[in-house]
There are 4 protein chains.
Amino acid sequence: MTQGVEKSLIEQGVLVDPQSARGRLLTQAARLFRQKGYQSTTVRDLASAVGILSGSLFHHYQNKEAILKAVMVEGIHHTMARMRSELAEEHTTQGRLRALIACELDALNGDWGDAMAVVINEWRFLSDGGQQDILALREEYEQMWLEILYQARKERLITASPKVLRKLLYGAITWTDKWFDSRGKLSYQELTDTILQLAIKPASDP
Amino acid sequence: MTQGVEKSLIEQGVLVDPQSARGRLLTQAARLFRQKGYQSTTVRDLASAVGILSGSLFHHYQNKEAILKAVMVEGIHHTMARMRSELAEEHTTQGRLRALIACELDALNGDWGDAMAVVINEWRFLSDGGQQDILALREEYEQMWLEILYQARKERLITASPKVLRKLLYGAITWTDKWFDSRGKLSYQELTDTILQLAIKPASDP
Amino acid sequence: MTQGVEKSLIEQGVLVDPQSARGRLLTQAARLFRQKGYQSTTVRDLASAVGILSGSLFHHYQNKEAILKAVMVEGIHHTMARMRSELAEEHTTQGRLRALIACELDALNGDWGDAMAVVINEWRFLSDGGQQDILALREEYEQMWLEILYQARKERLITASPKVLRKLLYGAITWTDKWFDSRGKLSYQELTDTILQLAIKPASDP
Amino acid sequence: MTQGVEKSLIEQGVLVDPQSARGRLLTQAARLFRQKGYQSTTVRDLASAVGILSGSLFHHYQNKEAILKAVMVEGIHHTMARMRSELAEEHTTQGRLRALIACELDALNGDWGDAMAVVINEWRFLSDGGQQDILALREEYEQMWLEILYQARKERLITASPKVLRKLLYGAITWTDKWFDSRGKLSYQELTDTILQLAIKPASDP
DNA sequence: GATGAATGAGACTTCATTCAT
DNA sequence: GATGAATGAAGTCTCATTCAT
């Protein structure tokens, strides 16, 4: 199903076929932007990563910032698609909250991790207009979080303000990008649970 | 007392007198680096912010990166000095943990907030050698956190691994820089308490 | 024949087609470096001499020093090519020695004179690595001189140590760059003969 | 006697007492200019070599070029003084010619060798006016050479034109600066003799 | 005489972007 | 679509020189 949606978005021109020249460019751009930062990545770096010369980039995207924006759009779309499908399988609030955390963690480690890291870390290099556009895209995403957190408060799973808690969790989760190594001692599962424990009160023992 | 220590560090050349030309430069540099980012701040920006010409900067610091590093050193020293004195007044583990959180939050909002924001956000623009030096400075700081978290676990105030918890809290706290406005509805006290609640289990009701 | 060799070296990328943009750049660079010195020639000087802007230079050469090195490589290659062909036509040792002197004098006055003057006078501005590379190129050249001088000593044309004599002649010949004017009273032929007389004993009168 | 002349020149302000601040500055300047070249030696280099700060240099000399010129003036005066006294002890033309060669070789190796190397190699960095002044100083020096060479031709010791020969010898001798090591296998005496042999016909066999 | 902060011009180099081929 | 030479603005840094203290 998700696949079908993506295909349709590709056909609409929102997303890019990852096999195409543009697609390979975005993949490499995401990787380079994450690794070296947006400003330190030159258009020559981008071009040579996909085997063309720098002048040719501008046949695909109007300018360097458009590439940054496209990377972010791709990252957000794919991350949201995944999150929707994962949430659909959880039916308890705690399960759904755990799924959100897991998805957000995963967003930074999975196929589109580079792109999501770019969304987080290179945000400031988007022009004002670009920031507005991306914010609009993210709105639905943040809405999912807030809905579930409001529900969690209603169920007394959490006590903090959902809006504040969301931001604190966002900071904690995105920062894992800087220190968490999925091949290390701490498993991805354990990390997810630890973060979940931050958010919710432990189930009260009878 | 803290003042005395700072004065002595200034005399030793570790810190810089904020009234001096170098001091004003660092203050302005911190502000600009936080506002525009290190790479987007030109040496001309820095110079004109203190009312000199760009060439004159290099009388005070060997190059632009040295200014970045000096900003970070100042920020860390002042933050640590403050933290030491605040901790000295707390005698319960929970109080000490709360003090740590409050200090770290405050580090981003107080006089040296610009400098600390730079430590967090412009880290990658330090050369390898510079990163080593700054890491060494921060070690003592992180040690304070870990000691208190280990003690908190011993006292069953927290359940998570101290190292992991420290990193999660660090992410959550530093991210507040991007959204928390101390003049808004949410007070600084409330935010501190909310974060404390993330870390510790609430006192069990009898 | 020489022409053919040069053409092949151009195709190999060792030499540069003098008609190309790079070629014109090297010609002008040689002229300017000789006239004003390497350090006093700015990249703007170089660029404007070939009718481009300074930034465009760096499409052709990585940096200013690379231009200096390329000038030297060109100069040495062309000088050696010429010397080989001139030597091939002389069959007595004295004739060959005279040809060496004439060629070296000519190297400073002919088409590649600017480049050779740069080899001699701007040597110190090459980095260590660059100096090694150029020295390697010159080795074959110096070997030609030494072989002929050793042969000349065997034939008792000269008495001095070939190595020392070579260096003395090198100094005497290259210094002509500073005073000899081929349009003056002293002809190029006479100068060549005068230098030859320094080196060899005059033919003994019977 | 030479000492007396120098002392008197110092009193007249032509030369500088080597013990004075100015004197030490010139010694260090000569050394640095020879080692690194005039353009690559900064006024800070000069100042720190004599233990002062760069601004203070300008109490002693109006500008950097004045230091270069002073170094050259010192070098030439001392070299000429020495040459005069050496020539006074030789009474054959061949002996006098040998003394000239020896003195010129020695000029590059003795106490004022740095200064003389600067005269030769950094010449171009003198302004036109400065070049005129130094040329005037050298005139007497060159006159000594020419007189002896004219005499040598009259005595059929040499055959070449004195003016041309002088320039060739000048080139050969000054170039020794780049390769001759007085601590090597070739002695200073042997080198002098080898150069003398270049100039003169060997004594004709009866 | 010395200091050292400041000047201000100018150096080399980088880089996103354009465009004729 | 791709090329690659060229642009031109902007960047960091250097350095001889000045001058108030």
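All figures in this text were calculated on a predicted structure; none of them were measured in a lab. Residue numbers start from 1 in every chain, and the chains themselves are labelled A, B, ... in the order their sequence lines are given, proteins ahead of strands.
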Query - 5'-most by nearest nucleotide on DNA chain E - B:G55 or B:R22 - result: B:R22

Requested in this report: Searching all strands shown, indicate the nucleotide that pairs with E:dA11 (Watson-Crick or G-U wobble; both distances under 3.5 Å).
Outcome: F:dT12

**Report entry** Base-pairing mate for E:dT21 - Watson-Crick or G-U, with both contacts under 3.5 Å
**Finding:** F:dA2

Query raised in the report: Side-chain contact, heavy-atom cut-off 4.5 Å: D:F33 with D:L46?
Result: yes

Query raised in the report: Are any non-hydrogen side-chain atoms of D:D111 and D:H78 less than 4.5 angstrom apart?
Result: no

Please report, rounded to the nearest Å, how far the [atom2] atom of [N] is from the [atom1] atom of [X].
{"X": "A:L68", "N": "E:dT17", "atom1": "CG", "atom2": "P", "answer": "12 Å"}
{"X": "A:L57", "N": "E:dT18", "atom1": "CG", "atom2": "P", "answer": "12 Å"}
{"X": "D:R24", "N": "E:dG1", "atom1": "CZ", "atom2": "P", "answer": "12 Å"}
{"X": "A:H60", "N": "E:dA16", "atom1": "NE2", "atom2": "C1'", "answer": "16 Å"}
{"X": "C:L46", "N": "E:dA11", "atom1": "CG", "atom2": "P", "answer": "11 Å"}
{"X": "C:I52", "N": "E:dT13", "atom1": "CD1", "atom2": "C1'", "answer": "14 Å"}
{"X": "C:N63", "N": "E:dT14", "atom1": "CG", "atom2": "P", "answer": "8 Å"}
{"X": "D:L32", "N": "F:dA16", "atom1": "CG", "atom2": "P", "answer": "12 Å"}

Query raised in the report: Has A:S56 got a side-chain N or O lying under 4.0 Å from the OP1 or OP2 atom of F:dT3?
Result: yes

Report task. Considering just the side-chain nitrogens and oxygens of C:H59, establish if one lies under 4.0 Å of OP1 or OP2 belonging to F:dA5. Result -> yes

**Report entry** Inter-residue atom distance A:H59.NE2 - A:R22.CZ, 0.5 Å rounding
**Finding:** 12.0 Å

Query raised in the report: Taking atom CG of A:L137 and atom NZ of A:K69, what is their separation to the nearest 0.5 Å?
Result: 9.0 Å

Requested in this report: Measure from NZ or CZ of D:K64 to the centre of the six-membered ring of D:Y38, then state whether that distance is under 6.0 Å and the direction lies within 45° of the axis.
Outcome: yes

**Report entry** Position toward the 5' end of DNA chain F (nearest nucleotide), C:S54 or B:K64
**Finding:** C:S54

Query raised in the report: If you look at every strand shown and take non-hydrogen atoms under 4.0 Å, does C:L53 touch a base, only sugar-phosphate, or nothing?
Result: base

Query raised in the report: Any ion pair linking C:E122 and D:R124 (charged N to carboxylate O, less than 4.0 Å)?
Result: yes

**Report entry** Closest heavy-atom pair and its distance - C:Y61, C:A70
**Finding:** CE2-CB, 3.6 Å

Query raised in the report: Which of residues 35-45 of chain C sit near DNA chain E, with a heavy atom under 4.0 Å from it?
Result: C:T41, C:T42, C:V43

